[in-house]
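In what follows, chains carry the letters A, B, and so on, assigned in the order in which the sequence lines appear, proteins first and then strands, with residues in each chain numbered from 1. Computed from a predicted model, the values in this text were never measured in an experiment.
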2 protein chains.
Amino acid sequence: MFQQIKTMFSKSCEYAIKAMIFVAQKSKEEQRVGIKEIAKGTDAPEHFMAKIMQDLSRRKLIHSAKGPNGGFYMDASDLKNSIADIVKAIDGDTIYKDCVLGLKECSEKNPCPVHFEFKEIKKNLIKMIENNTLAAFNEKLDSGKFFLRNK
Amino acid sequence: MFQQIKTMFSKSCEYAIKAMIFVAQKSKEEQRVGIKEIAKGTDAPEHFMAKIMQDLSRRKLIHSAKGPNGGFYMDASDLKNSIADIVKAIDGDTIYKDCVLGLKECSEKNPCPVHFEFKEIKKNLIKMIENNTLAAFNEKLDSGKFFLRNK
DNA sequence: ATAATAAAAGATAAAAAACTCTTTTATTAT
DNA sequence: ATAATAAAAGAGTTTTTTATCTTTTATTAT
C-alpha cells in the first residue's frame, strides 16, 4: 500500500496550526499579516491557506480586516487559544471521542480490543494540546530556535 | 470545515488491525478464515478488506491458502506481530519519523514549534503499539469482553 | 481430468481531501 | 466619489483514499 503520508492531523489542520503560530508571533507588535505573507511564512499554498484562514476567522479563533492595511491579527484573548482549539475548529473533536479503530459504539462498557491500550495515550495527547496555548508558544519561540517553513 | 472523520490511522489500517485480531483469535484452534467471514466479523466492506488482506499477506504478516478449505491463518510467529507491525505495513512508518506539522526537516536541531511538546506523546504511542502483540491480545480477549463489529 | 472453492490480481468507480482560480464585498486613502 | 487593497465567497480541478466488480490463478476433492 502506498500512502505516503498519514499524520496525526489533516493537512488543513497542520496549515492552520502553523498559520496561527505565525500570526501569533507577529501580533505581538500589533501587526496585521496578509494571506500572502502567511502562506510564504508557513510554506503553504496561498489559496488553500486562504480558505483555512476563513474557517479560523468564522470560528472566531482569529481576527481579520479587509482593505488596505488589512490582514489577520490576534488580540489578547485570541492568544489564549490552544492547539486543541485549532484542531477542534479544523479537524473536529473526533480526537476526543473517536475510537482508534473507528468503531461508533466503542466505550468503557463496550470496548474494542485496543480501547484501554489507547486510553492513556489519548488522555496525554489531549492534555498536551489543551495546555499549549498560542501565548505560551509566543514566550517560548525566540529568534531562530524553531521554524515553520519546509526549509 | 466538515471532515467527519480524522482518526489516528487510515481506514485501511483500522480494518487491517481489526482483521488481524479477528484472525488471530480464530487461529488458536487451527482454523482458516475466509475473506467473507473476516469482512462480516469486522464490519468491513468485503472487497476492500480483500485488498488489505492481500497487502498483509504480501508483507508476511499473515498466511493464506487458496482453494477449498483455504483462507487466512496465523502461525505462532505471526502472532508475535504487534500493532506497530500492522501500522507500518499499511500506513507506513511515518508515525515514527514524521513531524506533526508535516515538516520534512523537523528534528531535534531544527525543531518545529510543537516538536518537543509532541515528542513524549509519540514516544508513548510507539511504545504502546510495539508492546501490544496479537498473542498478547489473544490472552486478553475472552468471550464477549471486547468487540470488533460496529454493533 | 474436472469441478468447485477461495485467494490474488486487475481494472474501474465513487467519495473525500487538497489545491487553484475567479468574482464579490468591505475598507481605506486619495 | 474613486481607485486600490485585501479578505470572503464561489466555483471549479486534481489527487488520494475508499470501495466495488471482474478475471485469473492456485488448490482441493471427486
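Following rounding to the nearest Å, F72(A) (CZ) and dA8(D) (C1') show an atom-to-atom distance of 9 Å. Atom CD in E14(A) sits about 15 Å away from atom C1' in dC19(C), given to the nearest Å. Between Y73(B) atom OH and dA7(C) atom P there is a gap of 12 Å when expressed in whole angstrom units. Taking atom CD1 of I35(A) as the reference point, atom C1' of dT5(D) lies 15 Å away to the nearest angstrom. M53(A) has its CE atom 14 Å from the P atom of dA9(D), to the nearest Å. When the P atom of dA6(C) is taken as reference, atom CD of Q31(B) falls 14 Å away, rounded to whole Å. To the nearest angstrom, C1' of dT18(D) lies 16 Å from CD of E46(B). If you measure from atom CG of L61(A) to atom C1' of dA7(D), you get 17 Å, rounded to the nearest angstrom.
The shortest distance between the side-chain N/O atoms of Y15(A) and the OP1/OP2 oxygens of dA18(C) is not below 4.0 Å. One finds no side-chain N or O of S64(A) lying less than 4.0 angstrom from the OP1 or OP2 phosphate oxygen of dA6(D). For dA6(D), the OP1/OP2 oxygens have no side-chain nitrogen or oxygen of R32(A) closer than 4.0 Å. Look at S12(A) and you'll find a side-chain N or O under 4.0 angstrom from OP1 or OP2 of dA18(C). Considering only side-chain N and O atoms, N69(B) lies under 4.0 angstrom from the phosphate OP1 or OP2 of dA29(D).
Closest to the side chain of H47(B), out of dC21(D), dA8(C), dT22(C), is dC21(D). The P68(B) side chain lies nearest to dA4(C) when the options are dA4(C), dT20(D), dT20(C). Listed nucleotides: dT25(C), dT20(C), dA8(C). Nearest to the side chain of K66(B): dA8(C). When each of dA7(C), dA19(D), dA7(D) is scored by its nearest atom to the side-chain atoms of P45(B), the top-ranked nucleotide is dA19(D).
Counting non-hydrogen atoms of neighbouring residues, nucleotides and ligands closer than 6.0 angstrom, the NZ atom of K140(A) exceeds 12 such neighbours. Other residues, nucleotides and ligands contribute more than 12 heavy atoms inside 6.0 Å of the CD atom of E108(A).
With hydrogens and angles ignored, the 3.5 Å screen pairs no side-chain donor or acceptor of R32(B) with any backbone N or O of G70(B). For the pair D78(B) (side chain) and D75(B) (backbone), a donor-acceptor distance under 3.5 Å is present. Looking at T133(B), its side chain never comes within 3.5 Å of a backbone N or O of S82(B) through a donor-acceptor pair.
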Handout entry: Dot-bracket encoding of pairs in DNA chain D, which uses [ ] for pseudoknotted crossings and | for another strand, Watson-Crick or G-U under 3.5 angstrom
Key = ||||||||||||||||||||||||||||||
Quick test: give all pairs of protein nitrogen or oxygen and nucleotides 10-14 of chain D nitrogen or oxygen below 3.5 Å, distance rounded to 0.1 Å.
| residue | atom | partner | partner atom | Å |
| --- | --- | --- | --- | --- |
| dG10(D) | N7 | K51(A) | NZ | 2.8 |
| dG10(D) | O6 | K51(A) | NZ | 3.1 |

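Taking every heavy atom of both residues into account, V23(A) and Y73(A) meet most closely at CG1-CA, 3.9 Å. Between G102(B) and E14(A), the shortest heavy-atom contact is CA-OE1, 3.4 Å.
You won't find any donor-acceptor pair under 3.5 Å spanning the side chain of K11(B) and the base of dT18(D), going by distance alone.
Looking at heavy atoms from C-beta onward, P111(B) lies in side-chain contact with F116(B) at the 4.5 angstrom threshold.
The residue A65(A) sits close only to the backbone: its heavy atoms come under 4.0 Å of sugar-phosphate atoms, none of a base.
Distance check, rounded to the nearest 0.5 Å: CD1 of I95(B) to CG of L125(B) gives 4.5 Å.
Position along DNA chain D of the nearest nucleotide to A50(A) versus G67(A) favours G67(A) as the more 5'-ward residue.
Between K40(B) and E37(B) there is no salt bridge, since none of the side-chain N atoms of the basic residue sits less than 4.0 Å from a carboxylate O of the acidic one.
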